[in-house]
Amino acid sequence: MSTQIDRVLTDIRACQICKAYLPLGPRPVIQAASGSRVLIVSQAPGRKVHETGIPFNDPSGNRLRDWMGVNDETFYDPSRVAVIPMGFCFPGTGKSGDLPPRPECAPTWHPRLLPLLTDVRLTLDIGQYAQNGLLGEQRGRTLTDTVKGWREYLKDGKLPLPHPSPRNQMWLRRNPWFEDELLPDLRARVATALDLPSFTSESLS
Ligand code: SF4
């Protein structure tokens, strides 16, 4: 018997709302279950993720899993991790990289989908689009300000992160506190949310 979340996921996978704007056509890439414990809200799939249909199946995903201290098996288990971007389909590429998530997507689907995830213990708001959408007026002036103030969002179970793209290497070098202070805390919180035996015990792949 299909559940309410199954029905919403089926509707999302058939969505064509902004088809006219998608250069490669609709292919929503999401992962979710009603019992997901960690929710990842990111921007939109890139071209490689669009081609495979697997979220974060790219160098950004490798880095994100390393940041979280989880292996592929854990990351791709929807009963543990949900991946729900601000735009579910690849939006195309502009002069300076991928275009922003389609503006129709999150307002259409997030209100139907997010309330069905009833056991989320930690939400990772990845990148400026997710922070704009989820933190609203609470976010800082810049992404760096928002991430630097990460402790104040924890009371709501949220943790803002920069995008794990290799293109953000310079940002990571300029902000060593991120790896020194935030990442150990992130790994511990993910391990607690997922009931992992120890945040250092998973073999990363
Ligand atoms: S980006 Fe979102 S709104 Fe647009 S077609 Fe894909 S699922 Fe539908």
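Only this structure's heavy atoms are used, side chains among them; waters, hydrogens and symmetry mates stay out. Counting starts at 1 for both ligands and their atoms, in listed order.
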Worksheet item: Closest approach of Gln43 and Pro85, non-hydrogen atoms and distance?
Response: O-CB, 3.2 Å

Practice prompt. Compute whether any side-chain donor of one residue and acceptor of the other, for Asn71 and Thr74, lie under 3.5 angstrom apart.
Written response: yes

Worksheet item: Under a single-linkage rule joining Ile, Leu, Val, Met, Phe, Trp and Tyr whose side-chain heavy atoms are separated by less than 4.5 Å, which residues share a cluster with Val49?
Response: Val29

Discussion item. Suppose we screen for side chain to side chain contact (heavy atoms under 4.5 Å, CB included). Which residues come up paired with Thr52, at least two apart in sequence or across chains?
Written reply: Ile54, Asn57

Item to complete: Could you identify which residues cluster with Phe88, counting Ile, Leu, Val, Met, Phe, Trp and Tyr as linked when any side-chain heavy atoms lie under 4.5 Å apart, either directly or through a chain of such contacts?
Response: Ile5, Val8, Leu9, Ile12, Ile17, Ile30, Leu39, Val41, Ile84, Met86, Trp109, Leu113, Leu114, Leu116, Leu117, Val120, Tyr129, Leu134

Worksheet, complete the sentence: Report for atom 2 (Fe) of ligand 1, protein N, O or S closer than 2.8 Å, by chain and number, lists Cys105 SG

Practice prompt. Please round to the nearest 0.5 Å and tell me the distance separating atom CZ of Arg65 and atom OG of Ser60.
Written response: 9.5 Å

